[in-house]
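Because only heavy atoms are used, hydrogens play no part in the values below, and waters and symmetry mates are left out as well, while side chains stay in.
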Amino acid sequence: MITRHFFLFLSQNNFIKTRAMKWGPKFGAKSVIAGETIEEAMETVKSLNEKGLVATVDHLGEFVYTREEAIDSANYCVKTLEAIATHKVSCHLSLKLTQLGLDVNRHLCRDNMMKILKKAEELGIFVRIDMEDYSHLDATLDLLHELRQHFNNVGTAIQGYLHRAEKDIRDLKGVNLRLIKGAYKESPEVAYQKQEEVDRNYLKIIKGHLLNGSYTAIATHDHRIIEDVITYTKEQGIEKTQFEFQMLYGFRQDLQLKIVEDGYKMRVYVPFGIDWYGYFMRRLAERPQNITFALRGLLSK
């Protein structure tokens with residue numbers, strides 16, 4: 001737990017971030033980031049598609065503080081959508097609302113999302129709103145409900161370590177959701193702290209969302225969870241077309257391919273861009289095993 005808290009602290013430390021960005025490739029970031037440009041991301045997605053894997057791309061960045069930055073981020077999302085269509089890859093778009101100005105002005109963020117979703121709808125591409133820390137949860141869900149009055153091609157993520165996750169799942173019946181365990185440091189008042197409690201609640205919301213007939217994206221590297229879900233869907237007669245598994249780019253590739261070989265949809269979350277630091281630190285915090293990526297990068301230089 002000390003290791004997890006340590007890396008979550010680093011993920012929010014701007015002093016360390018500034019210095020780490022100068023030697024990021026040595027720190028193993030290149031193992032889990034698909035380059036810095038849209039073109040590099042598209043090449044990665046093409047390679048995944050050739051192996052039977054589908055993808056979602058995320059231009060890394062969050063917590064912008066000016067109107068201009070938010071608009072630039074929205075325009076980059078539109079450009080990414082156009083690249084997905086041009087390259088004819090099987091790929092969704094993932095994004096964060098703070099990157100689109102949620103902390104600047106809610107109306108600005110909504111307008112940016114409307115612009116992105118309109119373009120995505122024209123191109124037939126699904127857009128996923130990534131869930132951020134607890135302080136942004138209500139604002140994210142409120143905006144999602146508003147956007148879904150105009151668009152069907154948008155969903156979000158629910159974090160299984162939150163006490164309120166089961167209620168949120170019920171409120172979001174019929175919405176395409178990515179279900180994750182959770183990657184931020186939250187207080188005991190709002191989130192389970194013990195791993196066994198997190199796992200138990202995570203499985204509960206997965207099964208609940210599946211059982212009510214909603215499309216479910218199960219985002220985990222935990223093979224025990226995956227096996228449990230496969231057994232459950234077979235027992236309940238839930239079709240493979242109602243759910244998919246998701247994993248991060250660069251992690252457990254053998255398991256990703258095994259899932260595809262078994263006839264299930266496997267979507268790989270492909271991050272790209274120069275603002276990799278916060279994302280990479282949270283990946284190290286999630287699982288101690290991920291630290292081997294950093295060590296491998298350092299020792300290879």
Side-chain angles (χ1 to χ4, degrees), residues 38 41-42 45 54-133 136-159 168-169 171-180 209 214-217 219 242-244 246 265 267-273 275 279:
I38 293 176
M42 291 301 102
V45 173
V54 293
T56 183
V57 291
D58 177 16
H59 180 232
L60 294 172
E62 51 195 290
F63 302 114
V64 304
Y65 297 106
T66 69
R67 180 182 181 86
E68 291 72 26
E69 286 178 316
I71 292 174
D72 285 345
S73 292
N75 289 336
Y76 202 89
C77 285
V78 170
K79 186 177 179 182
T80 303
L81 289 168
E82 292 171 340
I84 291 172
T86 298
H87 288 273
K88 295 181 173 59
V89 289
S90 182
C91 187
H92 292 172
L93 174 70
S94 292
L95 50 77
K96 289 181 173 59
L97 294 183
T98 54
Q99 192 177 9
L100 299 173
L102 184 62
D103 291 334
V104 179
N105 181 283
R106 184 187 186 280
H107 297 299
L108 169 65
C109 183
R110 180 199 60 199
D111 290 346
N112 281 335
M113 278 300 302
M114 293 286 283
K115 177 181 179 180
I116 292 166
L117 290 173
K118 182 178 180 181
K119 174 57 69 173
E121 185 178 61
E122 292 173 2
L123 299 174
I125 299 172
F126 182 80
V127 176
R128 177 85 62 191
I129 299 173
D130 287 340
M131 189 56 70
E132 302 181 66
D133 63 3
H136 293 94
L137 177 54
D138 283 326
T140 298
L141 295 183
D142 287 345
L143 188 53
L144 173 68
H145 286 302
E146 182 176 349
L147 293 169
R148 283 186 57 81
Q149 294 176 21
H150 306 279
F151 300 96
N152 293 319
N153 62 325
V154 60
T156 190
I158 294 296
Q159 302 179 99
D168 288 336
I169 290 293
D171 293 341
L172 292 165
K173 180 179 180 179
V175 179
N176 181 329
L177 295 177
R178 173 195 291 144
L179 303 183
I180 58 179
H209 204 55
S214 304
Y215 192 86
T216 308
Q242 193 192 317
F243 65 97
E244 65 184 51
Q246 295 190 355
K265 180 177 284 189
R267 189 174 304 278
V268 180
Y269 185 96
V270 180
F272 72 101
D275 194 9
Y279 171 86

Checklist entry - Who are the side chain to side chain donor-acceptor pair (under 3.5 Å) partners of E121, not counting sequence neighbours? => result none
Next on the checklist: Assess the residue pair I116 and V78 against the criterion (side-chain contact (heavy atoms from CB on, under 4.5 Å)); give the C-alpha distance rounded to whole Å, side-chain angles, the decisive distance to 0.1 Å, and a yes or no.
Outcome noted: CA-CA 6 Å; I116 292 166; V78 170; 4.3 Å; yes
Checklist outcome for this item: Rounded to the nearest 0.5 Å, the CE atom of M113 sits from the CG atom of L143 at a distance of 6.5 Å
Item to check | Non-neighbouring partners of H59 that pass side chain to side chain contact (heavy atoms under 4.5 Å, CB included), sequence neighbours left out | outcome: Y76, Q99, F272
Item to check | Residues which pass side chain to side chain contact (heavy atoms under 4.5 Å, CB included) with H87, listed by chain and number, not counting sequence neighbours | outcome: E39, M42, K46, A83, V89
Checklist entry - For the residue pair S214 and G174, what are the closest heavy atoms and their distance? => result OG-N, 2.7 Å
Next on the checklist: Between H209 and V175 (side chain of the first, backbone of the second, donor and acceptor by atom type, cut-off under 3.5 Å), is there such a pair?
Outcome noted: yes
Next on the checklist: Run L172 and L144 through side-chain contact (heavy atoms from CB on, under 4.5 Å) and show every step you take.
Outcome noted: CA-CA 10 Å; L172 292 165; L144 173 68; 4.0 Å; yes
Item to check | Contacts of type salt bridge (charged side-chain N to carboxylate O under 4.0 Å, His left out), residue D130, not counting sequence neighbours | outcome: K96, R178
Next on the checklist: Going by side chain to side chain contact (heavy atoms under 4.5 Å, CB included), name the residues that satisfy it together with T86, two or more places apart in sequence or in a different chain.
Outcome noted: none
Next on the checklist: Could you report the tightest heavy-atom contact between G101 and C109, atom names first, then the distance?
Outcome noted: C-CB, 3.9 Å
Item to check | Test item: side-chain donor near acceptor, H136 and D103, under 3.5 Å | outcome: yes
Item to check | Contacts of type side chain to side chain donor-acceptor pair (under 3.5 Å), residue S73, not counting sequence neighbours | outcome: none
Checklist entry - Does V104 have any side chain to side chain contact (heavy atoms under 4.5 Å, CB included) partners at least two apart in sequence or in another chain, and if so, which? => result L108
Checklist entry - What are the two closest heavy atoms between I84 and C91, and how far apart are they? => result CG2-O, 3.8 Å
Item to check | Residues that T216 engages under side chain to side chain donor-acceptor pair (under 3.5 Å), provided they are two or more places apart | outcome: none
Checklist outcome for this item: CG of L97 to CE of M131, rounded to nearest 0.5 Å, is 8.5 Å
Item to check | Check against side-chain contact (heavy atoms from CB on, under 4.5 Å), E132 and T98 | outcome: CA-CA 8 Å; E132 302 181 66; T98 54; 2.5 Å; yes
Next on the checklist: Within this structure, what is the CG-CG distance for the pair D142 and L147, rounded to the nearest 0.5 Å?
Outcome noted: 11.0 Å
Checklist entry - Would you say D168 and L141 make side-chain contact, with heavy atoms under 4.5 Å? => result yes
Checklist entry - When rounded to the nearest 0.5 angstrom, what distance separates CZ in F126 from OG in S94? => result 8.5 Å
Next on the checklist: So, taking the atom named SG in C77 and the one named CG in N112, what distance separates them when rounded to the nearest 0.5 Å?
Outcome noted: 8.5 Å
Checklist entry - Of all residues at least two apart in sequence or in a different chain, which pass the side chain to side chain donor-acceptor pair (under 3.5 Å) check with N75? => result K115
Checklist entry - According to the ring pair (Phe, Tyr, Trp, His ring centres under 6.0 Å) rule, which pairs have a member within residues 103-122, sequence neighbours left out? => result none
Checklist entry - At their closest point, which heavy atom of V54 faces which heavy atom of K265, and how far apart are they? => result CG2-CG, 3.8 Å
Checklist entry - What residue pairs, at least two apart or across chains, pass salt bridge (Lys or Arg N to Asp or Glu O under 4.0 Å) with a residue in residues 66-81? => result none
Donor-acceptor pairs under 3.5 Å, side chain of residues 151-158 to any protein atom, not counting sequence neighbours: which ones?
from	atom 1	to	atom 2	distance (Å)
N153	ND2	I125	O	3.2
T156	OG1	I129	O	2.8

Checklist entry - Once you round to the nearest 0.5 Å, how far does CE of M114 lie from CZ of R110? => result 7.5 Å
Item to check | Distance-minimising heavy-atom pair for A55 and V270 | outcome: CB-CG2, 4.1 Å
Checklist entry - Taking it one step at a time, do R128 and R267 satisfy side-chain contact (heavy atoms from CB on, under 4.5 Å)? => result CA-CA 13 Å; R128 177 85 62 191; R267 189 174 304 278; over 6 Å; no
